[in-house]
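It should be emphasised that the depicted structure is a prediction, and the values quoted were computed from it without experimental measurement.
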Amino acid sequence: MSQAPSSGLLEIFDPKAPPKPIGIDLGTTNSLVAYVKNERPTTVKDCDQAALVPSVVHYGDAGEVVVGKNAQLRAAERPRETIVSVKRFMGRGGDDPETRRLGPYAFVVPEEGAPNVVRFAVGEKVVTPVEVSAEILRSLRRLAEDELRSVGGAVITVPAYFDDAQRQATKDAGRLAGLEVLRLLNEPTAAALAYGLEKKQNGKFAVYDLGGGTFDVTILVLDDGVFQVRATGGDSALGGDDMDRALAEEIFRLTGREASSASPSEVRVVLDLARRVKHGLTDADVVDFESPFGGPGAEAGAPLSIARARFDELVEPLLARTGAACRRALKDAGMKPEELDGVILVGGATRVPAVRSWVAKTFGKEPLGDIDPEEVVALGAAIQANLLAGQGSADDVLLLDVIPLSLGIEVGGGVVDRILPRNTTTPAAARAAYTTQEDNQTGFEIHVVQGERELAADCRSLARFTLKGIPPMVAGMARLEVTFRVDADGLLSVHAREERTGVEQTVSVKPSYGLDDDTVEQMLLDAIDHGEEDLAARKLAEVRVEASRVVASTKKSLAADPDLLEPGEQARIESAIADLEGAISGADARRVELKIEDLDAATKGFAGRRMNRAIAQAIEGQALETVERSVEHAKGIEAAHAESGPLPPAPPSG
């Protein structure tokens with residue numbers, strides 16, 4: 001009898017088995033694909049038994065596309081046709097400063113009226129970051145198919161601090177690669193999922209995720225399969241690439257060269273050299289290398305060296321930026337460092353000794369690094385894909401993620417009404433009601449914004465759309481209900497409906513480009529730094545809107561019932577109106593409030609007489625019982641209005 005072959009020599013495939021769901025870590029430097037095998041997540045390896053696929057894409061002259069290690073080998077020779085670290089360009093505008101930093105690429109300026117997106121010129125071809133990312137995802141899909149024969153849906157991970165444009169770009173890349181995108185999963189949450197299920201450990205954890213191009217910090221609680229994110233923070237333009245750039249600039253300095261005058265090929269050579277030096281300094285105190293070119297300070301091939309102490313100095317400002325985000329996330333979560341049970345490291349850049357030392361100092365404890373920080377995100381994505389595909393026990397795991405920045409709309413006076421505050425658990429939905437600020441207003445302009453400042457002008461604009469077709473009404477009579485929904489992928493949709501007419505509109509918010517380099521990091525800091533002046537500006541804007549409404553209403557009343565005015569009363573009212581209009585043009589909110597009170601006092605008698613006339617006209621010829629019911633109904637409306645407060649006015653359509 002022959003002996004059955006071992007599973008390592010022969011893999012038996014069941015032709016009736018459903019396609020295998022996969023998890024993908026689409027990284028800045030490297031990408032991975034994983035799946036669940038025998039109830040445990042495992043990465044897919046290539047023929048060289050390597051799980052990491054370099055996130056590099058080369059476009060050849062004959063139209064061929066090369067991905068991974070072979071593309072990486074072409075980077076020095078053909079730097080403009082070889083796209084490295086494309087993740088940093090996802091969802092960004094063509095004029096974004098991130099696209100103009102140290103790098104060898106040629107960019108195409110968008111035509112007038114065209115979407116403001118990054119476009120790489122690669123030979124005679126023009127490609128976008130979405131298309132480049134799709135090539136990486138397509139390569140990962142094929143790698144998985146080589147092992148699994150067929151693949152099902154995919155969970156793709158994204159940085160927690162990716163904004164709506166960057167998430168949408170990632171999802172579009174997945175579709176372009178022929179993948180069924182089950183969900184976009186935040187990278188720190190994926191890492192915690194893999195760590196929590198592997199270690200079966202409950203507690204409060206911080207996930208410090210420093211990858212090639214992005215940084216996230218997430219504070220979460222693991223409790224018997226429930227993964228609840230309490231707060232998240234980070235920087236969508238900070239990572240190991242910035243360390244490489246700092247080292248590259250140091251290498252240029254050592255060789256007496258100017259980075260700004262270097263050719264694209266020289267820039268790529270130095271960036272690749274800087275990455276090798278960074279990796280060498282992980283284990284060595286000093287790394288020796290040869291100059292890649294001649295110059296005033298060194299001949300080609302001349303020996304040079306960089307010490308780890310010098311490298312630590314170069315990256316210290318970058319680590320300081322991560323520290324600010326960590327402290328803010330802890331504050332938002334209502335926790336202190338000593339309350340944490342552990343710090344989980346994620347991302348290849350966390351292998352740098354300076355990073356580990358910084359994390360230990362910031363959180364007051366040595367980080368947990370017993371799961372490979374470069375694989376843990378893909379493993380968590382595979383677990384989630386397996387659950388979403390119904391091939392695991394969904395009852396064992398519950399993911400509760402959060403919104404990184406507040407979402408709201410601009411209302412009268414340019415102030416922001418927040419509908420979904422930051423750190424709201426997703427998926428989430430919330431609604432708010434608004435009214436008109438002008439008589440005969442036939443539309444609402446809805447301006448969706450993201451951020452923590454009080455004025456819309458200081459926040460990130462996500463989208464604008466107009467709800468039209470509202471019948472002319474007196475100001476304050478229309479009722480607009482706006483609903484925000486953020487799905488499990490972190491993508492926003494907005495639904496607006498005018499309650500009296502049923503006119504409605506729904507839009508998926510798809511901005512054409514993402515946040516600037518420092519915008520995400522600065523939004524919360526600006527909210528703190530400008531807190532008092534923002535509140536003052538908001539109050540001034542709100543009282544100006546109210547004052548303008550009072551002035552318009554008073555003028556309308558004077559024109560409607562001039563016969564009810566007593567001698568000298570009109571002059572007093574018009575004087576109070578003039579004083580209020582003067583206060584509106586000023587910058588003192590309290591003075592506006594006082595002038596509103598003065599006008600109210602001046603019109604009190606006139607308003608009473610108008611009310612008596614209106615009541616007399618309303619009850620003329622009606623039965624006593626009917627009048628009593630009307631009075632009771634009016635009291636009910638007045639009580640409800642007093643309890644809820646007046647609806648804020650939304651801006652009219654243009």
So which heavy atom on [X] is nearest to which on [Y], and how close?
X	Y	result
A325	V217	O-CG1, 3.7 Å
F444	T435	CE2-O, 3.7 Å
A333	A231	N-CB, 3.8 Å
K87	L26	NZ-O, 3.0 Å

From [X] atom [atom1] to [Y] atom [atom2], the distance as rounded to the nearest 0.5 Å:
X	Y	atom1	atom2	value
L220	L340	CG	CG	9.5 Å
L564	R609	CG	CZ	6.5 Å
Q166	K171	CD	NZ	15.5 Å
I409	R418	CD1	CZ	13.0 Å
T128	M90	OG1	CE	8.5 Å
R479	E498	CZ	CD	10.0 Å

Please check if the side chain of T424 supplies one atom and the backbone of P421 the other of a donor-acceptor pair under 3.5 Å.
yes
Please set out all donor-acceptor pairs under 3.5 angstrom arising from side-chain atoms of residues 573-587, sequence neighbours excluded.
from, atom 1, to, atom 2, distance (Å)
E574, OE2, Q570, NE2, 3.0
E581, OE2, K555, NZ, 2.9
S585, OG, G582, O, 2.7

Can you list the residues that meet the side chain to side chain contact (heavy atoms under 4.5 Å, CB included) rule with E338, with sequence neighbours excluded?
K336
Would you check if [X] and [Y] make a side-chain contact, meaning some heavy-atom pair closer than 4.5 Å?
X	Y	result
D242	R88	yes
T214	E187	yes
Q168	L184	no
R245	L318	no
T322	L238	yes
K204	R230	no
D216	N186	no
L480	I446	yes

Per the side chain to side chain donor-acceptor pair (under 3.5 Å) rule, which among D209, T189, T232 passes with T218?
T232
Residues in salt bridge (Lys or Arg N to Asp or Glu O under 4.0 Å) contact with D487, at least two apart in sequence or another chain:
none
Residues passing the salt bridge (Lys or Arg N to Asp or Glu O under 4.0 Å) test with E593, sequence neighbours excluded, are K539, R590
For F120, ring pair (Phe, Tyr, Trp, His ring centres under 6.0 Å) partners two or more places apart:
F89, Y105, F107
Let's go through L319 and T362 carefully: what are the C-alpha distance in whole Å and the side-chain angles of both, what is the deciding distance for side-chain contact (heavy atoms from CB on, under 4.5 Å) to 0.1 Å, and is it a yes or a no?
CA-CA 10 Å; L319 298 179; T362 301; over 6 Å; no
For atom CZ of R485, decide whether the heavy atoms of other residues, nucleotides or ligands shown that lie under 6.0 angstrom number more than 12.
no
Quick note, salt bridge (Lys or Arg N to Asp or Glu O under 4.0 Å) partners involving residues 598-608, not counting sequence neighbours, are K595-D598
Could you walk me through whether V486 and F484 satisfy the side-chain contact (heavy atoms from CB on, under 4.5 Å) test, starting with their C-alpha distance in whole Å, then the side-chain angles of each, then the deciding distance to 0.1 Å, before giving a yes or no?
CA-CA 7 Å; V486 175; F484 276 22; 5.8 Å; no
